[in-house]
There are 2 protein chains.
Amino acid sequence: MKNLSKRTAQRLVRCYYLAREARALGVEFITSSKVALLLGVDETQIRKDMASVNLEGVPRKGYPVEEIINRLEEVFGLKKDRNAVLVGAGNLGRALLNYPGFLRYGVRIVGAFDKDPQKYGREVGGVWVYPVEELKEKAKTLEACLGIIAVPPREAQGVADILVEAGVEGIWNFSPALIRVPAHIALRNECLESGLVMLLHEMEVIKKSLAGS
Amino acid sequence: MKNLSKRTAQRLVRCYYLAREARALGVEFITSSKVALLLGVDETQIRKDMASVNLEGVPRKGYPVEEIINRLEEVFGLKKDRNAVLVGAGNLGRALLNYPGFLRYGVRIVGAFDKDPQKYGREVGGVWVYPVEELKEKAKTLEACLGIIAVPPREAQGVADILVEAGVEGIWNFSPALIRVPAHIALRNECLESGLVMLLHEMEVIKKSLAGS
DNA sequence: TAGATTGTTAATCGATTAACAATC
DNA sequence: TAGATTGTTAATCGATTAACAATC
């Protein structure tokens, strides 16, 4: 299997979601045209995406839901259990600690960290909050392979550096800071602010096009 | 100005962030090569992006930070004040209500909604939580042009429909559900789960490439 | 002036879409 | 069999990169 492009991976993540929904409803096959409609893309695209992970469909029926789920769990590495640590127990950090949805993907937050004495030394969402000074050491002993950053932007790079030293394989960055990590570390920037700006921009574009027509 | 592609808009959002950082440090010009390095793209790309919003640089100096900020605030529509309503006062919803970062972009959450009597009828993060039955009416009287969805996936489409009826211009969907809206409504899916899956996938890819080499 | 950086045209690359044969 | 859907090759489209002239 060749490496998936980012766009293909993103569509397949959505296919995975749709397949799980279909399974919950007892549906056994799903057609590329239906998926394409829901994703707002061409149906040929979906067939190519399926082929790119060696998923085969059945003419006149579609793609088997159960196989989609299994194959994509394998491709995306969802069958493994992984430990994560979260740095920054502010509002966003606490929300993430209370969010049960990540367990479904095998990700368990096993420790949280904050520099504020008011925040560490207690439990949030069933997870103990440690002082941030202990991050490097604890991340190792907790066998964390994933680090979640929910600190203010100024502190994000420093936290990322420590996480890398502690040996995580991936970093999920919720701060707006553009952090840099070595090439062998997976990085995803989930900055909410930039999502908001993209949305506001689209609103402007639509407003202009409506005014123009 | 032609409409920006999604990719270009995304890079420009980051340019905006960098420009604000530069201004905070008292820096007056920023070069395309520096921006390109931080964003991990080719520097020609950045010059094209700048040109696409009519920003002009100065040879041997770079692009003027103040002008970048001003122009991009105009392009992205950040100079307007907008009201938003949030539906779903669970963990994620409450975190968003407590998040001060959106005000910087002129977005103020003026009301929240939940179907759970335990959650409505009180204030969270300075915002009153109403019963969800009042969503359509209240969204109108509060003059909300933006709706934020933080409800479980099954309820997301219904909430989106009500928001559209109430006249919002944009929807920011934090549920994993793939919702559908009319073409004149801006929609952004900020699904955290799919972000996590993309990251796990990248971790798998890197692990394989390291094992292979 | 020399040199660094912008700005733009042309070339390349990759992703999407169109067309149509293969299959159940 | 007829018809719906998959699967794949070729064509198109758009985004990225290379090359180099223009500018301060």
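Residue numbering restarts at 1 for every chain, and letters A, B, ... go by the order of the sequence lines. Fair warning: this is a prediction, and the values are worked out from it, not measured in the lab.
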Can you tell me the distance, in whole Å, between the [atom1] atom of [X] and the [atom2] atom of [N]?
X: Y63(A); N: dC24(C); atom1: OH; atom2: P; answer: 13 Å
X: L37(B); N: dT5(C); atom1: CG; atom2: C1'; answer: 16 Å
X: I30(A); N: dT5(D); atom1: CD1; atom2: P; answer: 13 Å
X: K34(B); N: dT6(C); atom1: NZ; atom2: P; answer: 12 Å
X: K61(B); N: dG7(C); atom1: NZ; atom2: C1'; answer: 18 Å

message: Under a 3.5 Å distance rule, please check whether N91(A) uses its side chain to pair with a backbone N or O of N98(B) as donor and acceptor.
response: yes

Expected output: side-chain D49(B) to main-chain L12(B) donor-acceptor under 3.5 Å: no

- request: Count the heavy atoms belonging to other residues, nucleotides or ligands that lie under 6.0 Å from CD of E66(B), then report whether that count exceeds 12.
  value: yes

task: Mind listing the residues from residues 38-52 of chain B sitting with a heavy atom below 4.0 Å of DNA chain D? Number order is fine.
output: D42(B), T44(B), Q45(B), K48(B)

Given R20(A), R104(A), K80(A), the one that forms salt bridge (Lys or Arg N to Asp or Glu O under 4.0 Å) with E73(A): R20(A)

- prompt: Hey, is E204(A) close enough to K207(A) for a salt bridge, meaning N to O under 4.0 Å?
  reply: no

Opposite nucleotide pairing with dC24(D), Watson-Crick or G-U, both atom distances under 3.5 Å: dG3(C)

task: Go ahead and name the base partner of dT16(D); Watson-Crick or wobble counts if both distances stay under 3.5 Å, otherwise write none.
output: dA11(C)

message: Under 4.0 Å, counting only non-hydrogen atoms across every strand here, what does S33(B) touch: a base, just sugar-phosphate, or nothing?
response: nothing

- request: Name every residue in residues 2-9 of chain A that has at least one heavy atom under 4.0 Å from any atom of DNA chain C, in order of residue number, or write none if there are no such residues.
  value: S5(A), R7(A)

field: Below 4.0 Å: OP1/OP2 of dT6(D) and any side-chain N or O of S32(A)
entry: yes

- prompt: Think R11(B) has a side-chain N or O under 4.0 angstrom from the OP1 or OP2 of dT16(D)?
  reply: yes

query: Rounded to the nearest 0.5 Å, how far does CD1 of I149(A) lie from CZ of R188(A)?
result: 14.5 Å

- prompt: In terms of side-chain heavy atoms, does Q157(B) have a donor or acceptor partner in D161(B) at a distance below 3.5 Å?
  reply: yes

task: Report yes or no: do Y16(B) and E193(A) form a side-chain donor-acceptor pair below 3.5 Å?
output: no

field: Passing option when I148(B) is tested against V87(B), I109(B), L92(B) for side-chain contact (heavy atoms from CB on, under 4.5 Å)
entry: I109(B)

